[in-house]
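Some notes on the structure that comes next.
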Amino acid sequence: MGKGWAIALHGGAGDIPINLPQNKKEPRESALLHCLQLGISALKNGRSPLDVVELVVMELENHPLFNAGRGSVLTTEGTVEMDASIMDGKTKKCGAVSGVKTVKNAVSLARLVMEKTPHVYLGFEGAEAFAREQVVETANQSYFITPANVERLQQAKEANRVQLDYTRPIAKEVKVETHIANGDSQIGTVGCVAVDADGNLAAATSTGGVVNKRIGRIGDSPIIGSGTYANTYCAVSCTGVGEDIIRGTIARDVAALMEYKGLSLKEATSYVIKNGAPEGTFGLVAVSATGEIAMPFNTTGMFRACASQDGYSEVAIH
Ligand code: ASP
């Protein structure tokens, strides 16, 4: 079945300036490398892929440079509303949360939804109440809100746009802007996929969403089949314009092409990157049951990293 473990993770796709300054690039690359190493040692220690993707995504959520957990981008009211999901390939068990405001690690709350409730998806007050019940670690909004994100919201409001980094607007009235004036990028939704040597697969994704989003807006990240999916063929985590990823049911389409059409992971992901949603809108990381890795994107870049048991390893942006 399996041909060795493999892991891939992302820290967001978008219109990342090709000349991203070293002081923006370096801390993100080293965070990706750190998270990759964390995942590799967990896999080597025999932790399940489900544990591994949760662990890696938690670490990325705790890092203020990524748009998930601490460092989440802000809603139009200057608040944080976080979304996350997790899925186990073998059992197809999955869990998701939306609109959480106080939970430090939304991905772990998603896992608790999967393991401790008969449901798949809890949102807003219900998700918060469940978090209290499960006594997960919480913090007030000031923990999540970073000065950089306060500034990004300000810039977005001044320009009347919902987000700063994608080449297409997500609503008609929204102005198209492809670059951020200071060369920074707020993208940084995070995700991880992993497979062990027996071919067990898992995927997880976590995000603060998009800058200046409406209160209550839900993107693709917590939606099983759109932002996250895993079965016995592959595990997929997406990033990009949530509305386009939802319309394209991107993560499930990769799995469906493998399952119903017999495509390899590389073939399925290439097909979906070209045909699943418009150019310039998304990227994904994926692994197959046999340890193949794919990390395609149709944006200018995607913060990403991967490694496999055969010794291959990569950290890249463009
Ligand atoms: N997909 C995320 C969302 O739309 C954003 C991102 O990946 O940067 O909420």
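As the structure lists them, so they are numbered: ligands from 1, and atoms in each ligand from 1. Only this structure's heavy atoms are used, side chains among them; waters, hydrogens and symmetry mates stay out.
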Arg217 contact mode with ligand 1 (heavy-atom cut-off under 4.0 Å) = side chain

note = Looking only at non-hydrogen atoms, the one of Ser206, Gly227, Gly191, Gly240 nearest atom 2 (C) of ligand 1 is Gly240

ask   = When only distance counts, is Glu243 in polar contact with ligand 1, meaning an N/O pair under 3.5 Å?
value = no

message = I need the full list of side chain to side chain donor-acceptor pair (under 3.5 Å) pairs touching residues 30-46, with sequence neighbours left out, sorted by first then second residue.
response = His34-Glu59

key: Asp220 neighbourhood, listing ligand 1 atoms whose heavy-atom distance to it stays under 4.0 Å   = 1 (N), 2 (C), 3 (C), 4 (O)

request  = Could you tell me whether Asp51 and Arg111 have a side-chain N and a carboxylate O separated by less than 4.0 Å?
outcome  = yes

inquiry  = Would Lys213 count as a contact residue for ligand 1, given that I'm defining contact as a non-hydrogen atom of the residue lying under 4.0 Å from a ligand atom?
reply    = no

ask   = Are the charged groups of Arg252 and Glu259 less than 4.0 angstrom apart, N to O?
value = yes

ask   = Can you name the residues that form a side-chain contact (heavy atoms from CB on, under 4.5 Å) with Lys25, not counting sequence neighbours?
value = Leu20, Gln22, Glu29, Ile317

message = What I want to check is whether the side chains of Asn105 and Asn62 have a donor and an acceptor closer together than 3.5 Å.
response = yes

query = In terms of heavy-atom contacts, does CZ of Arg214 have more than 12 from other residues, nucleotides or ligands at under 6.0 Å?
reply = no

inquiry  = Only heavy atoms of Thr239, strictly under 4.0 Å: list the atoms of ligand 1 that pass.
reply    = 6 (C), 7 (O), 8 (O)

task = Looking only at distances, please establish whether an N/O atom of ligand 1 is found under 3.5 Å from an N/O atom of Gly188.
result = no

request  = Heavy-atom contacts with Thr189 under 4.0 Å: which atoms of ligand 1 show up? List them by number with element.
outcome  = 2 (C), 5 (C), 6 (C), 7 (O), 8 (O)

inquiry  = I'd like to know whether ligand 1 has Gly12 as a neighbour, heavy-atom separation below 4.0 Å.
reply    = no

request  = Please indicate whether any nitrogen or oxygen in Gly242 is less than 3.5 Å from any nitrogen or oxygen in ligand 1.
outcome  = yes

query = Does the pair Glu243/Arg247 count as a salt bridge with the N-to-O cut at 4.0 Å?
reply = no

